[in-house]
Amino acid sequence: MALSRRVAYIDLSTGKIETKPIPVEIRKKFLGGRGLDAYLLYNHCPPGVDAFSPENPLIVSAGLLVGTLASATSRTHTMAKSPLTGLLGSCNMGGFFSPELRWAGFDHLVIKGKADKPVYIWIHNGEIEIRDAKNLWGKSVTDAQWAVREELGDPDVKCLVCGPAGEKLVRYANVMTGVKNAGGRTGMGAVMGSKNLKLIAVRGTMDIKIAYPKEALEFNKRFIEQITTAKVNQTMGILGTPFIWGATNSWGGVRVNNFQYNQLLFADDVEPERFHEISNETFGKYHMAGCFACQVHCRARYRIPDGPYKGCYDEGPEYTTQGAFASEVGCTSALTVLTGNYLCNQYGVDWLELGSLISWAMELYEKGILTIKDTGGIDLRFGNDEAVIEMIKHVCERDTWLGDVLAEGGLRAAEIIGKDSEQYLIHVKGMQNLHSDERATPALALNIATASRGSDHLRSRPAIDLYHLPEPVLRKIYSSPIPYDGPLSSDFREYAGKPWQVFWQEQCFMAVDCLGICKYHTTFLGATLPNFEDWPKVIYYNTGLEFTPQELWTIAERCNNMERLFNIREGLTPDDPHKGDILVDRYFNEPAKRGAPDVIGARIDREKFLKMRAEFYRYHGWDEKTGAPTEETLKRLGIDNEPSHLL
Amino acid sequence: MSVKVFVHPFLNNGKELEVEVKGSTVGECIRELLKVHPQIEEKLFDKNKKIRGYIDILVNSKSAFPKELAHPVSDGDTINLIVFLSGG
Amino acid sequence: MHEKANAKALVINYEKCTGCRLCELVCSVYHNGVSNPAKARIKVEKWEWEGLYIPMSCRQCIDAPCMNVCPVRAISRDEELGRVVVDHNVCIGCRSCVAVCPFGAMGFDPAERKVFKCDLCDGDPQCVRFCDEKAVNYTEVSRESLFRKRDAAEKIAQAHKKSTELISEMLD
């Protein structure tokens with residue numbers, strides 16, 4: 001039974017391991033995955049603790065529907081206090097780790113303490129062991145996984161692993177699984193490294209009983225069809241996520257040369273079709289791969305076609321890799337993107353953060369704030385492909401002054417570099433923005449400013465806002481399951497109605513992260529894809545739990561508020577330039593220079609932005625001045641006595 | 001027979017477009033549209049003359065994919081040409 | 001008894017497999033009401049470091065080693081569906097069949113103390129039904145080699161096309 005999965009508390013300092021069942025009342029309040037992680041984090045992380053302290057709990061989990069019949073039930077969620085931002089650390093990845101964790105009997109792992117030497121955790125069919133990792137330490141993301149399989153004598157072992165970047169405490173190191181599935185953003189891999197924890201290996205053969213197998217099979221068939229027949233997913237299944245970058249770049253919505261332009265010119269070699277061609281040539285016609293139970297299969301397989309890493313096998317790239325190692329750094333070479341993709345996957349580092357930081361350093365170099373002495377002889381100008389590749393290595397190895405500084409993350413680096421370096425940094429809450437440029441799109445600007453883990457698209461981005469969908473379509477999506485009769489506009493330049501869309505999307509993404517389903521299987525890029533109205537059935541057939549769409553909405557609210565409580569406790573205030581729900585000044589002051597005529601000249605209007613934010617707070621039931629959930633909100637959601645230590 | 005076509009601003013140099021055309025399929029309507037607004041063609045079709053992967057055609061708010069050009073339309077229908085710009 | 005000319009079998013085109021393992025999931029839910037690949041009758045073997053995924057299942061052999069080795073004759077051929085079936089009322093759980101199967105297609109459930117294998121879902125294989133990519137197909141056995149021929153020929157055709165293009169470029 002999905003509901004029989006337990007939570008395990010593992011103390012790496014003492015070696016003590018304890019497991020507990022997850023009471024059904026807790027499930028009904030937080031479902032599982034990210035939502036229950038947020039509850040566990042708030043309860044187990046002492047206030048104000050340093051992210052690298054042994055007391056910072058690393059929480060790893062499978063969502064409520066992981067491993068069951070609900071299309072792409074593959075997602076692993078990881079949470080801890082972030083060493084990058086000092087606020088919520090949270091990341092989500094696909095692959096095959098969390099289903100295996102469930103077959104091994106567990107849904108949540110709360111890992112505390114710090115081992116005195118490198119270790120790994122071995123979980124199999126209800127049993128947990130802490131084992132010596134001396135032979136794994138220092139190994140790349142993939143080498144470590146293949147080595148532990150060898151050691152355990154089972155090729156089907158799945159791992160959640162930190163790479164060399166995590167070991168070296170690069171503050172935005174990933175947790176990873178398989179060749180390229182990455183829990184990126186906020187540095188959860190560095191938290192692993194700080195605990196001397198190289199990896200978690202799992203293998204399970206325990207049943208997850210499906211409540212109504214026949215109905216689950218039949219419903220899942222229709223559910224999958226709803227998802228895969230949407231054109232957006234058909235395109236994704238051929239070109240992968242790079243198609244998103246391609247379309248957005250030709251419109252003028254990606255950051256170029258850090259933040260100086262918003263469209264990459266002469267980009268033929270980094271267009272999605274080019275990567276498609278390279279995969280065809282180096283892997284074959286059928287080169288797309290999928291995560292567990294997913295029929296969208298957005299992951300391309302390829303070998304690096306040339307250069308020093310010629311022949312190396314990898315998967316991807318993603319649209320965020322094109323952003324990191326093409327547009328942001330002003331490069332136009334597929335080889336640079338593919339090589340950067342490969343290196344980041346091997347080191348286990350977040351390329352969204354890294355690409356953004358390298359491009360920032362490039363702008364500082366252009367402005368003379370960094371000199372060739374600071375860069376260790378690297379000519380760090382925009383468009384220098386070799387410099388980008390070199391910097392990836394130096395950051396992950398921390399073996400040059402600048403590499404070491406950038407490994408600390410943007411705000412810390414700006415403090416070290418000094419001068420007016422910080423004003424060129426494109427971040428929110430100390431986390432770099434991905435490659436997108438939100439100046440022409442107020443909804444997306446509000447999304448990155450208020451996202452619970454910092455500047456990020458996967459928390460609340462109403463991507464379909466840019467599609468120009470007819471108003472009735474928007475109305476249908478956004479006025480359910482909670483009625484909404486305020487303004488909604490097909491025009492992405494508008495401010496009116498956008499706070500509700502961002503709020504709705506935040507709710508939607510929280511729910512799907514609790515369930516452990518991929519966001520490409522929900523109302524994110526496809527207007528016809530499942531959301532609150534469709535989920536109660538798949539939850540019921542698989543687990544037997546009954547919810548109405550409105551109840552799921554309330555759960556998502558509760559979980560979002562748990563994350564908010566954590567951020568407020570750790571120092572978030574709305575206008576704090578380092579920890580607030582606010583954009584950097586460049587969004588307000590510098591107009592976009594390139595792209596479509598309706599993008600050129602665009603920038604965010606500060607006053608209107610603040611009005612949107614206030615409205616967004618109101619929907620949440622947050623105080624407009626402090627940004628904190630009001631007493632009334634917490635009471636309504638039944639979390640007015642946190643930490644309540646029920647688990 | 002008259003069908004209203006709404007064109008995403010991206011396909012028309014940053015300006016939203018609303019055009020009335022005649023036709024019994026989406027393909028026919030688009031052909032009519034391109035007669036008046038030829039600049040849209042390059043944005044709409046790829047090298048192989050297929051509707052681009054990042055463009056979806058809605059007929060009365062429902063996707064006409066996969067056989068989008070052959071999709072029948074009748075008097076009073078609306079067509080939306082939408083673009084999967086997702087901000088990244 | 002002769003094999004029916006139109007008997008169907010699982011025909012696997014591993015190149016098309018995306019490695020998602022939905023086949024394993026639906027198989028164990030259909031047969032056991034549980035999600036548990038350890039009980040699935042199909043398994044995707046992976047070489048992840050080179051992106052190679054190969055679904056493996058019972059070949060429904062004509063001269064089946066499992067059938068031949070069974071000491072109590074619990075295994076027989078069902079010519080109607082072209083499959084090899086285990087009679088669990090007769091099976092003594094000795095696992096001889098597991099040991100001899102050259103494809104590892106015979107499984108053993110330690111809790112039930114029973115062997116299990118692909119039964120083609122009585123003619124509607126769920127793995128096939130759910131595989132959008134058509135990596136797993138339910139096809140007349142006589143046609144399997146035709147597909148392989150076509151696939152192989154396609155590569156030659158492409159090479160031919162490319163060389164013609166090159167020649168015409170040179171002539172230009």
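Letters go in sequence order (proteins before strands), and every chain restarts at 1.
For A:Arg102, no part lies near chain C; criterion is any non-hydrogen pair under 4.5 Å. With a 4.5 Å cut-off on non-hydrogen atoms, A:Asp314 does not touch chain C at all. Only the side chain of A:Thr228 comes within contact range of chain C, with heavy atoms under 4.5 Å apart. Of the two parts of A:Ile224, only the side chain, counted from C-beta on, holds a non-hydrogen atom closer than 4.5 Å to a non-hydrogen atom of chain C. Heavy atoms of A:Arg203 lying under 4.5 Å from chain C are absent altogether. If you measure heavy-atom distances from A:Lys214 to chain C, you find no contacts under 4.5 Å at all. Heavy atoms of C:Lys155 lying under 4.5 Å from chain A are absent altogether. Contacts of C:Cys23 with chain A are absent, with no heavy-atom separation under 4.5 Å from either backbone or side chain. Neither the backbone nor the side chain of A:Thr142 comes within less than 4.5 Å of any heavy atom in chain C.
Residues C:Thr139 and C:Glu144 bring no donor and acceptor atom of their side chains to less than 3.5 Å of each other. Looking only at atom types and distance, the side chain of C:Asp151 has a donor-acceptor partner in the side chain of C:Asn13 under 3.5 Å away. Under the 3.5 Å distance criterion, with hydrogens and angles disregarded, no donor-acceptor pair is assigned to the side chains of A:His297 and C:Asp132. In summary, the side chains of A:Gln346 and A:Lys180 do not present any donor paired with an acceptor at a separation below 3.5 Å, with no hydrogens or angles considered.
In terms of heavy-atom pairs under 4.5 Å with chain C, the best-connected choice from A:Met288, A:Glu315, A:Gln145, A:Lys221 is A:Lys221. For the options A:Asn220, A:Val179, A:Leu217, heavy-atom pairs under 4.5 Å to chain C are most numerous at A:Leu217. Comparing A:Thr68, A:Thr205, A:Asp156 by how many heavy-atom pairs each has under 4.5 Å with chain C, the most go to A:Thr205. With respect to chain C, the highest number of heavy-atom pairs below 4.5 Å among A:Tyr212, A:Trp103, A:Phe292 belongs to A:Trp103. For the set C:Lys16, C:Gln126, C:Glu45, the entry with the most heavy-atom pairs within less than 4.5 Å of chain A is C:Lys16.
For residues 27-42 of chain C, every residue pair satisfying the salt bridge (charged side-chain N to carboxylate O under 4.0 Å, His left out) rule, not counting sequence neighbours, is listed here: A:Asp207-C:Lys39, C:Lys39-C:Asp109.
Remark: C:Lys46 qualifies as a cation-pi partner of C:Tyr53 under the 6.0 Å distance and 45° angle criteria applied to the six-membered ring.
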For residues 89-108 of chain C, which side-chain donor-acceptor pairs fall under 3.5 Å, sequence neighbours excluded?
none

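Under the 4.5 Å side-chain criterion, counting only non-hydrogen atoms from C-beta, A:Met93 is in contact with A:Leu160.
Between A:Phe283 and A:Tyr302, a ring centre-to-centre spacing not shorter than 6.0 Å is recorded.
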